[in-house]
**Q** 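Below is the structure I would like to discuss, written out as structure tokens.
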Amino acid sequence: MWKIAGQKSRPLSSRIVVPKSGSAAAASSLSSSQIVVPSTTPLSLAAGPQHQQQRQFAHRAINSNKWESGNLPDLETFVGKPLVAQQHGPLDCDISDYEDVVRWPNCKITGLENGLRIATENLPWNSNTVSIGVFIDAGSRYETEENNGSAHFLEHLAFKGTGKRTREQLEMEVEDLGGHLNAYTSREQTVYYAQVLRENTNEAVDILSDILCNSLLDEQAIERERSVILQEMENVYSETKEELIFDHLHENCFQDCALGRTILGPVDNIKRITRKDLLEYINTYYTADNMVVVATGCIPDHDAFVAQVAEKFSGLKPSNQRKPAKDVSYFRGCEYDERWDDMEYVYMALAYETCPWNDADTYPLMFMQQMLGQWDKKFAGGQYSTSGLVRYCYADASRPVAENFMAFNTPYTDMGLFGVYACLHPYDFKFFLEATRREMNRFGYDVTEAQVDDVREKLKTTMLLAMGNTSQVMEMIGREILVHGRRIHPTEAFTRVNDVDVNAIKYAAHRHLIDKDYALAAVGPTHEFPYYTIFRRYHDKCW
């Protein structure tokens, strides 16, 4: 297993090796299942039998022509741009099936003097479109109790007029470009992004910089958006219970912590937030050193794009020395139920405390999430699923235990949540909860290689499908730079997925799930709500 760390970190897996220069034994002892990390020695200088196997592996990452093993090509002549200059992660893989992943383009990152980071990833097969995003390291967890909801409020006001464009001009300009302009807020990040044709890249950068650096924050617009946000809050909480349940879950398992604050904010805050509060939030967090500009798609000239961004975002404040430190959050085992007997179903979420993004158990938890799976009674074939929880819930198609459920794995920068969200009949509440906890406990004892291999292929498929979408690639790059400080190359991600085995999953289950406190939130007819002390079996423990 690797620990996701900085450039100086060493691989922890026995499958990941760094050949020592001048050691013939090291090169000859490589097995077919090991991943080779080439050294930075130029290939043209490598000579002798001790480097032959290393040169063969490295050539597959830099030569676009396929070759048979036994016909050693001329390594003095390179075809295409070599990937030896890759900044992080393994450049080569011993498995030929991943040749396209190994040859994935490099992400180029440039830092400006004011602290703004600019990243581009040119996708040669995409010659028409560009996705541009501005990622701000600020969300609801960076707010206080008094200004909770400011980040989401600013997201609404950003498109209501700037010093250069009125609201109507902004909407018409985006419409004329034939592009898409939007934004979203999470607990740790705020993102403004645009999707346009390649010839409109400069215009999209100008619009994004304008709404972030020159937003008017007009008093009349603020008053109009209050009612819009309150209506949005009512619709979200009444129509889709998922957002409501997860807000209750965070509020209770992160009691008195910033991570427990909602994204939309409380109603009282929405009614009293002023322009002064919003300007103070902008001056605190909308600074150059707190942002990352990412562009993916048809970006052939990285330096030209950097010059455009540097010009357009020159008005950003470099930093704020008075920016408060991030609040430390703590997980607390708890239960919360909001009883409404007139509702037809119970909506619930069960969660355990897990690890942050930058932890060795991140990928095993992704495996466990896939093993639990997700399902809806409208889908057929649940009794044949590879997930034990799905088979239990839908063994009888005429009487499923749950209407629908999904497993979730939500890492943050300092901790994470892993669990299950479900909609079910009130009399099935206890049975579903018992089955879910039983299935999670099985991860620590009863996991087979066949299950792990099946999930591994699912994860790889999901990763490959995401890599075909420029917007998803943009989001991955922005999040990884904010969280890890670097772009994780797909080859490295595939290596980490390959490195997860049965023991890694069992270790992660014992570390995070088995005999650990959990948080449970439910809304609906909760008369079958189980007692927390009974489920934790405190009465059976000898303290």
Side-chain angles (χ1 to χ4, degrees), residues 105 107-110 112 116-123 126 128-140 142 150-162 164-165 167 170-215 232 263 282 285-288 290-299 302 305-306 308-313 315-316 465-483 487-488:
C107 179
K108 299 179 180 179
I109 304 176
T110 299
L112 302 182
L116 182 66
R117 290 163 288 179
I118 305 170
T120 65
E121 197 162 279
N122 181 40
L123 307 180
N126 186 337
N128 298 314
T129 61
V130 176
S131 295
I132 307 171
V134 181
F135 293 77
I136 307 172
D137 194 10
S140 60
Y142 295 89
S150 298
H152 181 257
F153 211 124
L154 284 172
E155 173 196 328
H156 278 253
L157 291 173
F159 307 104
K160 299 303 181 287
T162 68
K164 295 170 53 179
R165 300 173 175 90
R167 174 182 177 179
L170 185 61
E171 293 176 354
M172 290 180 62
E173 188 169 345
V174 175
E175 189 72 20
D176 292 340
L177 293 177
H180 177 67
L181 181 67
N182 209 339
Y184 65 86
T185 306
S186 66
R187 282 182 164 79
E188 290 192 322
Q189 299 171 8
T190 303
V191 182
Y192 297 82
Y193 65 94
Q195 298 167 304
V196 294
L197 297 175
R198 61 174 183 177
E199 54 266 24
N200 298 326
T201 301
N202 193 31
E203 289 81 357
V205 172
D206 182 62
I207 293 175
L208 287 172
S209 64
D210 195 23
I211 63 177
L212 285 170
C213 302
N214 305 312
S215 185
E232 176 188 354
I263 297 174
I282 290 176
Y285 295 105
Y286 280 42
T287 56
N290 217 36
M291 293 185 181
V292 177
V293 180
V294 181
T296 59
C298 186
I299 305 290
H302 172 77
F305 182 79
V306 170
Q308 293 176 6
V309 173
E311 178 186 356
K312 301 297 182 181
F313 285 83
L316 279 178
L465 291 174
M467 288 161 58
N469 187 310
T470 58
S471 297
Q472 294 191 39
V473 174
M474 173 198 69
E475 292 184 9
M476 284 191 293
I477 296 174
R479 182 186 66 245
E480 289 168 358
I481 293 178
L482 287 180
V483 173
R487 162 69 160 141
I488 296 179

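Each residue takes its place number in the sequence, starting with 1. The model shown is predicted, which means the values in this text are computed figures rather than measured ones.
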**Q** Can you check whether Cys298's main-chain N or O pairs, donor with acceptor, with Asn126's side chain at less than 3.5 Å?
**A** no
**Q** At their closest point, which heavy atom of Thr190 faces which heavy atom of Gly139, and how far apart are they?
**A** OG1-CA, 4.3 Å
**Q** Give, for atom CZ of Arg487 and atom CE of Met476, the distance between the pair rounded to the nearest 0.5 Å.
**A** 5.5 Å
**Q** Check for a donor-acceptor pair, side chain of Gln195 on one end and backbone N or O of His180 on the other, with a separation under 3.5 Å.
**A** no
**Q** For the residue pair His302 and Thr120, confirm or rule out a side-chain donor-acceptor distance under 3.5 Å.
**A** yes
**Q** Might you point out which heavy atoms bring Leu157 and Ser215 nearest each other, and give the distance in Å?
**A** O-OG, 3.7 Å
**Q** For Ala119 and Ile109, which heavy atoms make the closest approach, and how far apart are they?
**A** CB-CG1, 4.0 Å
**Q** Set out, in order, the CA-CA distance, both residues' side-chain angles and the distance that settles side-chain contact (heavy atoms from CB on, under 4.5 Å) for Gln472 and Glu475, then state yes or no.
**A** CA-CA 5 Å; Gln472 294 191 39; Glu475 292 184 9; 5.5 Å; no
**Q** Are the side chains of Val306 and Lys108 in touch, meaning some heavy atoms are under 4.5 Å apart?
**A** no
**Q** Is a donor on one side and an acceptor on the other found under 3.5 Å between the side chain of Tyr285 and the backbone of Tyr142?
**A** yes
**Q** Can you see which heavy atom on Met291 is nearest to which on Leu316, and at what distance?
**A** SD-CD1, 3.7 Å
**Q** Which atoms form the tightest heavy-atom contact between Thr470 and Gly297, and what is the distance?
**A** CG2-CA, 4.0 Å
**Q** Yes or no on side-chain contact (heavy atoms from CB on, under 4.5 Å) for Arg479 and Ile488, after CA distance, side-chain angles and deciding distance?
**A** CA-CA 10 Å; Arg479 182 186 66 245; Ile488 296 179; over 6 Å; no
**Q** Does the pair Ile481 and Phe135 meet the rule for a side-chain contact (heavy atoms from CB on, under 4.5 Å), with working shown?
**A** CA-CA 9 Å; Ile481 293 178; Phe135 293 77; over 6 Å; no
**Q** Take Val294 and Tyr193 through the side-chain contact (heavy atoms from CB on, under 4.5 Å) test and state the conclusion after the steps.
**A** CA-CA 9 Å; Val294 181; Tyr193 65 94; over 6 Å; no
**Q** Have a look at Lys312 and tell me which of Ile207, Leu212, Asn202 forms a side chain to side chain contact (heavy atoms under 4.5 Å, CB included) with it.
**A** Asn202
**Q** Check whether any side-chain heavy atom of Glu203 sits under 4.5 Å from a side-chain heavy atom of Val196, and report yes or no.
**A** no
**Q** Nearest 0.5 angstrom please: Arg165 CZ to Asp210 CG, how far?
**A** 4.5 Å
**Q** Which heavy atom of Leu208 sits nearest a heavy atom of Leu181, and at what distance?
**A** CD2-CD1, 3.7 Å
**Q** How long is the span from the CG atom in Leu154 to the NZ atom in Lys160, to the nearest 0.5 Å?
**A** 12.0 Å
**Q** Between OG1 of Thr129 and CG of Asn200, what distance do you get to the nearest 0.5 Å?
**A** 11.5 Å
**Q** Look at the side chain of Thr110 and the backbone N and O of Ile118, then say whether any donor-acceptor pair between them is shorter than 3.5 Å.
**A** no
**Q** Between atom CE of Met474 and atom OG1 of Thr296, what is the distance when rounded to the nearest 0.5 Å?
**A** 6.5 Å
**Q** If we only count heavy atoms from C-beta on, is the Ile299 to Val130 side-chain gap below 4.5 Å?
**A** yes
**Q** What distance separates Asp137 CG from Glu188 CD, expressed to the nearest 0.5 Å?
**A** 7.5 Å
**Q** Please state whether the rings of Phe159 and Tyr192 are parallel, tilted or perpendicular, taking 30° and 60° as the class boundaries.
**A** tilted
